[in-house]
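Below, read A as the first sequence line, B as the second, and so on, with proteins coming before strands; counting in each chain starts at 1. Atoms considered below: every heavy atom in the structure, side chains included; atoms not considered: hydrogens, waters and symmetry mates.
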2 protein chains.
Amino acid sequence: MGENTLPEQIAMQLRRQILHGTLRPGATIKERDNAADLGVSRTPMREAIRILAKEGLVELRPARSPVVASPTLKDVTDAITVIVALEELSGKLAVEHATREEISEIRSIHERMQQGYDQFDHVERFEVDMEFHMAIARASHNVALAETHAAYLRRMWRARFLSARTRRNRERVVRQHGDIVRGLEERDTDLVAVSIHAHLGHLLDSIKVAFADAPDDARPAEENETIPEAADAK
Amino acid sequence: MGENTLPEQIAMQLRRQILHGTLRPGATIKERDNAADLGVSRTPMREAIRILAKEGLVELRPARSPVVASPTLKDVTDAITVIVALEELSGKLAVEHATREEISEIRSIHERMQQGYDQFDHVERFEVDMEFHMAIARASHNVALAETHAAYLRRMWRARFLSARTRRNRERVVRQHGDIVRGLEERDTDLVAVSIHAHLGHLLDSIKVAFADAPDDARPAEENETIPEAADAK
DNA sequence: TAATCTGATTTGGTATACCAAAAATCGTTG
DNA sequence: CAACGATTTTTGGTATACCAAATCAGATTA
């Protein structure tokens with residue numbers, strides 16, 4: 001489960017806390033405290049924070065405490081606009097270059113999601129969905145594209161996570177994923193493009209709804225809401 | 001001239017050295033030595049190296065010395081493929097959202113390049129070209145897009161730099177840039193898209209030629225070719 | 001002579017100490 | 001009582017010390 005290097009392990013811890021909501025958007029991340037909590041020194045904690053900053057999950061400002069990013073609705077829609085472009089390109093290239101093995105792997109991910117949809121909790125469902133999209137990007141055989149795409153998905157993790165609570169999408173999601181897989185199998189560029197477009201269009205809609213319902217990421221969670229740890233006596 | 005934070009200043013120094021060729025692709029970057037050379041400690045040097053790694057100019061491998069990236073031709077062409085998609089999206093969004101001020105700023109950059117083309121050395125010419133493309137991305141009013149695009153341009157800096165030595169492209173580059181500007185002014189999505197596509201297509205061609213001529217970035221410059229500094233007596 | 005093993009050295013990873021700037025606290029003053 | 005200001009505290013930035021892994025060199029051996 002643990003990544004290779006220490007900073008990455010720490011980054012994963014923090015990432016989970018952010019995604020889970022333990023670290024709320026707007027909260028400050030104090031190097032010393034968090035490092036002490038995890039039993040490491042500031043140095044790897046600093047690096048971990050930079051990793052998260054690269055992913056867009058935390059915001060760095062010079063000489064100030066880093067804060068958990070509070071993406072606005074526009075931030076999210078902008079990012080999705082880029083993701084659409086990246087995935088359309090992925091789809092086009094995958095149609096051209098994907099091997100049969102890669103496509104059948106994509107299908108198997110799709111079927112795993114289809115079968116397990118109801119048993120999975122929304123976190124698992126979510127991770128499978130992410131796997132699906134990343135496998136397509138990888139099938140483009142364009143490393144840079146796959147990496148950039150993955151970076152965007154990570155950045156959107158929380159927003160997508162919040163919007164994925166509704167379970168009603170089951171049929172639509174499964175159908176759209178199925179269309180994409182079929183498009184790849186039949187090397188049908190247009191079908192893939194259209195399906196991806198529709199799929200992400202619905203994602204955008206549900207994110208908008210989520211923001212309207214509970215603008216979680218909009219509210220800066222002001223005040224000293226750092227890490228919820230037992231404050232030891234001074 | 002100097003950026004804000006120390007690590008960024010150091011990163012800029014290293015970046016220039018890499019771009020200029022003082023640090024050849026494949027060369028190892030030793031934290032201690034380089035830090036000492038610049039008169040700083042390892043800590044900000046480490047951060048600077050991470051910045052460059054994020055930009056794709058150096059490659060990090062765990063527990064080993066970082067090396068200056070040696071992008072293969074495929075790496076470069078892959079990246080350009082992504083840049084094309086990003087710039088086409090930029091163009092489309094800029095046509096929709098750019099203000100008149102932004103468009104006229106883009107035109108002024110274009111004219112600056114047009115007039116100064118022959119006086120500029122290829123570094124300056126190059127920087128103006130980069131300004132031009134980044135201004136378009138910014139005019140999309142999509143921050144994420146502009147940032148990702150800028151990151152890609154930085155990553156391609158050296159490859160584009162190497163390919164830009166030929167001065168013969170003058171008319172074509174100027175004409176294509178002019179077409180793009182006109183497309184923006186006339187809010188002509190198709191003209192913009194076509195011009196961008198053609199423009200980057202030629203970039204790709206000249207990069208391929210550059211790689212064939214002198215596969216500079218292909219040759220790993222093996223052996224201890226770190227920093228060309230006077231070795232002080234041990 | 002070439003391959004390999006072993007010890008010395010280099011080098012990145014981590015912890016820690018110190019500093020300066022930012023922030024918070026509290027007292028002062030209009 | 002509110003607003004401002006000085007002082008203390010907190011916190012990120014930098015330098016340095018220490019460690020373990022990786023690399024390099026030299027010697028030993030087949």
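One atom, CG of A/L38, and another, P of C/dT14, lie 13 Å apart when rounded to the nearest Å. Taking atom CD on A/E8 and atom C1' on C/dG12, their separation rounds to 15 Å, with Å as the unit. Atom CG of B/N4 is separated from atom P of C/dA21 by 15 Å (rounded to the nearest Å). If you measure from atom CE of A/M45 to atom P of C/dG13, you get 17 Å, rounded to the nearest angstrom. At whole-Å resolution of the value, CD in A/E31 and C1' in D/dG13 are 8 Å apart. Between the CG atom of A/D33 and the P atom of D/dT10 there is a distance of 10 Å, rounded to whole Å. Rounded to an integer number of Å, the gap from NZ of B/K30 to C1' of C/dG12 is 13 Å.
Atom CD of A/E102 and atom OG of A/S140 lie 9.0 Å apart (nearest 0.5 Å).
Across all their heavy atoms, B/G91 and B/I196 have their closest contact at CA-CD1, 4.3 Å. Counting all heavy atoms, side chain and backbone alike, B/V128 lies closest to B/F120 at CG2-CE1, 3.8 Å. Of all the heavy atoms in A/H149 and A/H133, the pair that sits closest is CE1-O, 3.5 Å.
With no hydrogens or angles considered, a side-chain donor-acceptor pair links A/H177 and A/D129 at under 3.5 Å. No hydrogens or angles considered: nothing links the side chains of B/T81 and B/D78 as a donor-acceptor pair under 3.5 Å.
Residue B/E131 forms a salt bridge (charged side-chain N to carboxylate O under 4.0 Å, His left out) with just one option from B/R112, B/R138, B/R125, and that option is B/R112.
For the contact set between residues 47-60 of chain B and DNA chain C, defined by any heavy atom under 4.0 Å, the members are B/R50.
Proximity note for A/R46 (side chain, C-beta onward) versus D/dT11, D/dT14, C/dG13: the nearest is D/dT14.
Formation of a donor-acceptor pair under 3.5 Å by the A/S104 side chain with backbone atoms of A/E101 is found in this model.
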Under the side-chain contact (heavy atoms from CB on, under 4.5 Å) criterion, do A/V67 and A/R61 qualify, and how do the steps go? CA-CA 8 Å; A/V67 298; A/R61 54 251 172 102; 3.6 Å; yes
With B for base contact, S for sugar-phosphate-only contact and - for none (protein heavy atoms under 4.0 Å), nucleotides 15-25 of chain D reads BBBB---SS--
